[in-house]
Chemist: 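Sharing a structure here in structure tokens format.
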Amino acid sequence: MIYHFDILPSTNDEAALPKYSEGDIIWADAQSSGRGQRGHSWESQRGENITFSVVLEPTFLAATEQFLLSQVVALAIVDALKYYGIDAKIKWTNDIYVGDKKLCGILIEHKLQGSSIARTIAGIGLNVNQVEFSNDIPNPISIRQIKHFEMDCQEVLERVADSIMTRYEMLRKDNAAQIRIDYHELLYRRDALHWYFLPDGRRFRGTIRGVEPSGALRIENEKGEERSYLFKEIEFSVKNITKLF
Ligand code: BTN
């Protein structure tokens with residue numbers, strides 16, 4: 001069921017309330033404290049984009065397999081965009097990119113119960129009709145900027161939500177291997193040499209080779225050595241470079 005609000009602090013926080021259950025969608029035209037990854041906020045112009053959260057109860061998955069849910073949601077958004085003729089890629093871990101611009105952000109939050117996952121909230125911010133963005137947002141793009149026409153937000157939301165449930169059913173039916181293959185195929189910058197940045201400011205050139213089932217990103221350096229990086233261990237863009245190696 002879709003619950004539509006005019007404004008909420010954050011759809012992810014609303015979706016965490018026990019009154020919602022698997023498959024419910026919490027959609028708000030505006031958020032007063034929209035949250036992004038790495039402690040950032042999420043800005044979106046009222047009514048121009050879609051900001052919503054899906055409630056999942058993936059009790060069939062072990063906590064160690066939680067990255068599959070990130071993969072499912074990212075793939076579902078790429079699937080939905082394909083319907084509109086948009087060729088998107090997944091920037092690890094789960095930003096949706098078109099070219100070098102970000103079209104959609106995903107914030108996945110899990111509630112664990114022992115060694116399994118009791119509830120997952122998948123929060124999605126997809127830029128639909130917005131054409132002016134604040135300078136603080138590094139490289140945004142919207143569907144309208146790509147396709148040059150306005151879209152009906154509810155229609156896009158319903159298509160994305162359907163795609164999420166389709167990919168989620170694929171996972172439930174034990175098709176994790178296919179999910180991993182599809183994610184690998186769509187990985188932004190895979191097999192191409194780029195600069196990467198470490199939290200201490202150092203940088204190196206390397207090539208993304210894939211992701212571990214845990215979600216860690218595999219990058220091969222110019223010496224041909226491969227290493228896996230966890231979420232906070234690597235950046236795609238420059239912060240403050242102090243040393244080179
Ligand atoms: C990111 O790229 O940093 C993730 C952004 C996620 C934004 C969405 S908007 C709907 C949901 N509610 C939130 O507070 N955040 C997510």
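We count ligands from 1, going down the list as the structure has it; atoms in each ligand are counted the same way. Predicted, not measured: the structure shown is a model, and the values here were computed from it.
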Chemist: Could you tell me whether Arg189 sits above the aromatic face of Phe236, with NZ or CZ closer than 6.0 angstrom to the six-membered ring centre and within 45 degrees of the axis?
Modeler: no

Chemist: By number and element, which atoms of ligand 1 are closer than 4.0 Å to a non-hydrogen atom of Gly36?
Modeler: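 Result: 1 (C), 3 (O), 4 (C), 5 (C).
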
Chemist: What atoms of ligand 1 come closer than 4.0 angstrom to any heavy atom of Gly34?
Modeler: 14 (O)

Chemist: Say whether Thr11, considering both its backbone and side-chain N or O atoms, lies within less than 3.5 Å of an N or O atom on ligand 1.
Modeler: yes

Chemist: Suppose I only count heavy atoms of Phe52 and a 4.0 Å limit; which atoms of ligand 1 are within that range?
Modeler: 10 (C)

Chemist: Polar contacts were defined as any N/O atom of the residue lying under 3.5 Å from an N/O atom of the ligand; does this apply to Trp42 and ligand 1?
Modeler: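 N/O-N/O distance under 3.5 Å: no.
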
Chemist: Could you check which of Arg35, Gln31, His40 puts a non-hydrogen atom nearest to atom 12 (N) of ligand 1?
Modeler: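 It is Gln31 whose heavy atom sits nearest to atom 12 (N) of ligand 1.
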
Chemist: Assess whether a salt bridge exists between Asp191 and Arg209, defined as any Lys/Arg side-chain N lying under 4.0 Å from an Asp/Glu carboxylate O.
Modeler: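 Counted as a salt bridge, because a side-chain N and a carboxylate O are separated by less than 4.0 Å.
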
Chemist: If you take the centroid of each ring, where Trp contributes its six-membered ring, are Phe197 and Tyr229 closer together than 6.0 Å?
Modeler: no

Chemist: Could you establish whether Lys102 and ligand 1 come within less than 4.0 Å of each other, counting only heavy atoms on the residue side?
Modeler: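 Within the 4.0 Å threshold, so yes.
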
Chemist: Would Arg180 pass as a cation-pi partner of Phe67, given that its NZ or CZ must be under 6.0 Å from the six-membered ring centre and within 45 degrees of the axis?
Modeler: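 No, a cation-pi geometry is absent between Arg180 and Phe67.
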
Chemist: Could you check Asp95, Asn127, Asn139 and say which one makes a side-chain hydrogen bond (donor to acceptor under 3.5 Å, both in side chains) with Lys102?
Modeler: Asp95

Chemist: Under 4.0 Å, heavy atoms only, figure out whether ligand 1 is touched by the backbone of Asp95, its side chain, both or neither.
Modeler: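 Asp95 to ligand 1: side-chain contact only, backbone stays beyond 4.0 Å.
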
Chemist: Thinking salt bridges, do Arg35 and Asp13 make one under a 4.0 Å N-O criterion?
Modeler: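 Looking at Arg35 and Asp13, the cut-off is met.
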
Chemist: Considering non-hydrogen atoms only, spot the tightest contact between Gly36 and Leu107 and give its length.
Modeler: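 That closest heavy-atom pairing would be O-CD1, 3.8 Å.
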
Chemist: With atom 3 (O) of ligand 1 as the reference point, say which of Glu109, Gln37, Arg38 has the nearest heavy atom.
Modeler: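 Of the listed residues, Gln37 has the closest heavy atom.
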
Chemist: Give the numbers and elements of all ligand 1 atoms closer than 4.0 Å to a heavy atom of Asn12.
Modeler: 11 (C), 12 (N)

Chemist: Please walk me through it: do Ile106 and Thr93 pass side-chain contact (heavy atoms from CB on, under 4.5 Å)?
Modeler: CA-CA 9 Å; Ile106 303 170; Thr93 54; over 6 Å; no

Chemist: Check each atom of ligand 1 against the heavy atoms of Gly123 and keep those under 4.0 Å away; list them by number with element.
Modeler: 8 (C), 11 (C), 16 (C)

